[in-house]
Amino acid sequence: MNLPNLVAAHGLPGTRPFPRTPVAPDDWSDLVQNVARHRLSGLLVDALEDGSLPASRSQIASAMALHREAMSRVLDLDRLAMAVVKHLAEAGIPHRVLKGCAHAHLLYPDPSLRPYVDVDLLVPGERFGSAVATLESLGITRPHPELRPGFDRRFGKGATLRTPNGEAVDLHRTFVAGPYAMWIDAGSLFDQAEPLKVGGSTLFTLAAEERCLHACFHAALSDLEPALISLRDVVQAACDSTLDVDRLLHIGEQWRAHAVIAKAIDLAWSALEPEAEPPLALWARSFEPTAKDVRVLRAYQAREHRWAHQAVAGIRAVRGIRPKAAYATAIVLPSRRAMAERGNRAEPLGGI
């Protein structure tokens with residue numbers, strides 16, 4: 001296992017030990033770059049502080065500086081999240097905090113172990129436009145329009161909005177784009193909630209099972225090479241003692257997502273090699289994807305024009321002739337404004 005993976009696995013029982021001597025300067029430089037890219041500064045500092053990873057004074061100082069910068073950003077994001085949530089609540093818009101903030105506070109023994117780089121919020125599809133308008137009233141603007149009016153609330157994953165300082169608020173309708181955007185019952189994500197304390201405020205996130213499912217979707221489908229912290233999220237979520245695996249798998253079956261869960265577990269256990277084998281990991285080991293599962297997953301694995309592969313697969317997943325036509329029209333013939341914003345980009349805008 002290479003050093004970034006060792007850092008990502010730090011603190012998990014039974015994982016491989018670090019080297020017994022300090023890392024060579026060139027290797028340390030590479031390690032710090034990968035730690036920043038994979039958002040592992042909290043785990044690196046923890047490994048240094050408990051003596052698991054020997055290091056020189058200068059190496060420790062560079063790791064501490066990197067983590068201070070990451071935590072400063074997190075504090076700014078937490079303040080932003082609290083302000084946005086307050087205004088969504090005042091506007092009567094249901095919402096749930098997702099991913100980084102929720103994972104840090106509920107999946108890790110110390111939130112500082114899990115840095116994050118943006119604010120992720122889920123809102124109901126039918127209130128998506130109102131949520132965008134609420135954020136824009138705060139000066140948080142959407143750089144790129146949706147493909148066609150109504151596309152986001154019906155078919156899209158969501159949209160990214162930015163503050164004047166460049167901080168990102170990812171507003172979600174669902175977890176991912178493509179066919180799973182049609183199969184996930186996004187409305188049911190608001191049936192339950194779990195509170196978390198952030199900066200003296202109480203925010204609400206998904207229940208443990210939906211939170212684990214989101215971690216799996218993000219790790220398995222969002223990026224060709226998932227960040228190591230996303231794989232660590234999967235391990236943490238799968239090992240959560242409050243997780244009801246039967247309920248999770250029931251939801252996964254309804255969403256046609258068993259192959260996604262199994263893929264995420266395989267990626268996480270292969271990369272981090274944790275000793276723990278919770279019930280979800282044991283289930284994933286015996287899972288066999290169908291030919292249709294493989295075909296659908298392939299849409300998320302294309303190295304070029306991923307959006308196009310997902311869009312085509314998404315058309316098949318849309319139910320009804322008129323909705324299919326609306327979806328296909330938005331993909332093939334975006335509005336003039338969306339086309340103008342698109343310019344020479346290799347993919348359409350609007351969060352499909």
Side-chain angles (χ1 to χ4, degrees), residues 7-12 35-46 67 70-71 73-82 84-85 95-122 157-158 167-172 174-176 189 192-199 201-223 226-245 248 251 260-261 264-265 267-269 271-272 274 276 278 280-281:
V7 173
H10 174 65
L12 296 174
V35 162
R37 182 163 66 92
H38 290 278
R39 301 191 293 281
L40 301 173
S41 63
L43 292 166
L44 176 61
V45 167
D46 193 56
H67 192 49
M71 289 296 98
R73 179 185 298 161
V74 164
L75 290 175
D76 289 340
L77 291 171
D78 285 350
R79 285 190 285 268
L80 175 61
M82 288 185 286
V84 170
V85 162
H95 52 275
R96 297 287 184 267
V97 177
L98 298 178
K99 286 170 57 177
C101 180
H103 292 339
H105 286 270
L106 295 177
L107 294 181
Y108 290 78
D110 187 321
S112 69
L113 295 174
R114 209 301 187 182
Y116 39 98
V117 296
D118 54 21
V119 174
D120 287 274
L121 297 170
L122 178 79
K157 171 189 175 183
E167 296 165 327
V169 178
D170 283 342
L171 202 61
H172 293 251
T174 188
F175 292 166
V176 289
L189 296 174
Q192 298 187 37
E194 185 164 345
L196 64 149
K197 290 286 187 179
V198 178
S201 297
T202 300
L203 307 182
F204 292 91
T205 186
L206 306 175
E209 294 74 37
E210 286 87 347
R211 198 163 60 243
C212 182
L213 283 163
H214 191 196
C216 289
F217 270 94
H218 187 67
L221 303 183
S222 291
D223 298 302
L228 289 171
I229 196 65
S230 297
L231 299 181
R232 179 63 183 260
D233 290 342
V234 171
V235 176
Q236 294 289 145
C239 293
D240 184 354
S241 62
T242 69
L243 186 69
D244 183 337
V245 175
L248 181 148
I251 297 171
V260 176
I261 302 167
I265 295 292
L267 288 171
W269 258 254
L272 306 187
L280 190 60

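The structure presented is a predicted model; accordingly, all values stated were derived computationally and were not measured.
Contact annotation: the side chain of C101 never approaches that of D120 to less than 4.5 Å [non-hydrogen atoms, C-beta and beyond]. The side-chain heavy atoms of I229 and L43, taken from C-beta on, include a pair separated by under 4.5 Å. Between S112 and V74 there is no side-chain heavy-atom pair separated by less than 4.5 Å. Contact check for V97 versus V198: no side-chain heavy atoms found under the 4.5 Å cut-off.
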Between side-chain atoms of residues 230-238 and protein atoms elsewhere (two or more places apart, or another chain), which donor-acceptor pairs fall under 3.5 Å?
from : atom 1 : to   : atom 2 : distance (Å)
R232 : NE     : Q236 : OE1    : 2.8
R232 : NH1    : A8   : O      : 2.7
R232 : NH1    : H10  : O      : 2.7
R232 : NH2    : H10  : O      : 3.1
R232 : NH2    : Q236 : OE1    : 3.0
D233 : OD1    : Y108 : OH     : 2.7
D233 : OD1    : R114 : NE     : 3.2
D233 : OD2    : R114 : NE     : 3.4
D233 : OD2    : R114 : NH2    : 2.5
Q236 : NE2    : L107 : O      : 2.6

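The salt bridge (Lys or Arg N to Asp or Glu O under 4.0 Å) check on D110 picks up nothing, with sequence neighbours excluded. Qualifying side-chain hydrogen bond (donor to acceptor under 3.5 Å, both in side chains) partners for T242, counting only residues two or more places apart in sequence or in other chains: D240. With sequence neighbours left out, the side-chain hydrogen bond (donor to acceptor under 3.5 Å, both in side chains) criterion links R37 to N34. Partners of S241 by side-chain contact (heavy atoms from CB on, under 4.5 Å), not counting sequence neighbours: none found. Evaluation of the ring pair (Phe, Tyr, Trp, His ring centres under 6.0 Å) rule for F217 yields F175, Y180 as partners, not counting sequence neighbours. Partners of T205 according to the side-chain hydrogen bond (donor to acceptor under 3.5 Å, both in side chains) rule, which considers only residues two or more places apart in sequence or in another chain, do not exist here. Every side-chain contact (heavy atoms from CB on, under 4.5 Å) that P109 has, sequence neighbours left out, goes to L113. By the salt bridge (Lys or Arg N to Asp or Glu O under 4.0 Å) test, R79 pairs with D76, sequence neighbours left out. For E167, there are no salt bridge (Lys or Arg N to Asp or Glu O under 4.0 Å) partners two or more places apart in sequence or in a different chain. In terms of the side-chain hydrogen bond (donor to acceptor under 3.5 Å, both in side chains) criterion, residue partners of S222 (sequence neighbours excluded) are, by chain and number, H218.
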side-chain contact (heavy atoms from CB on, under 4.5 Å) between V119 and V84: does it pass, once the steps are laid out?
-> CA-CA 9 Å; V119 174; V84 170; 5.8 Å; no

Under the side-chain contact (heavy atoms from CB on, under 4.5 Å) rule, what do L206 and L122 come out as? Steps first, then yes or no, please.
-> CA-CA 9 Å; L206 306 175; L122 178 79; 4.1 Å; yes

Walk me through it: do C212 and L280 pass the test side-chain contact (heavy atoms from CB on, under 4.5 Å)?
-> CA-CA 10 Å; C212 182; L280 190 60; 3.9 Å; yes

Carefully, step by step, assess K197 and H105 under the rule side-chain contact (heavy atoms from CB on, under 4.5 Å).
-> CA-CA 8 Å; K197 290 286 187 179; H105 286 270; over 6 Å; no

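Remark: D118 CG to L77 CG distance equals 7.0 Å, nearest 0.5 Å. The NE2 atom of H103 sits 11.5 Å away from atom CG of L196, with the distance rounded to the nearest 0.5 Å.
Scanning both residues, S41 and V35, for their nearest heavy atoms gives N-CG1, 3.4 Å. Closest heavy-atom contact between P195 and T202: CB-CG2, 3.9 Å. For the residue pair R211 and L106, the shortest heavy atom distance occurs at NH1-CD1, 3.6 Å. Closest non-hydrogen pair, M82 versus S201, comes out as SD-OG, 3.4 Å. For the residue pair G42 and P115, the shortest heavy atom distance occurs at N-CG, 4.1 Å. Annotation for L98 and L121: closest pair CD1-C, 4.2 Å, computed over non-hydrogen atoms.
Within the structure, salt bridge (charged side-chain N to carboxylate O under 4.0 Å, His left out) pairs that include any residue of residues 212-221 do not occur (at least two apart or interchain).
Panel note: side chain R39, backbone Y116; no donor-acceptor pair is recorded below 3.5 Å.
Salt-bridge check for R96 with E210: failed, with every basic side-chain N at 4.0 Å or more from each acidic carboxylate O.
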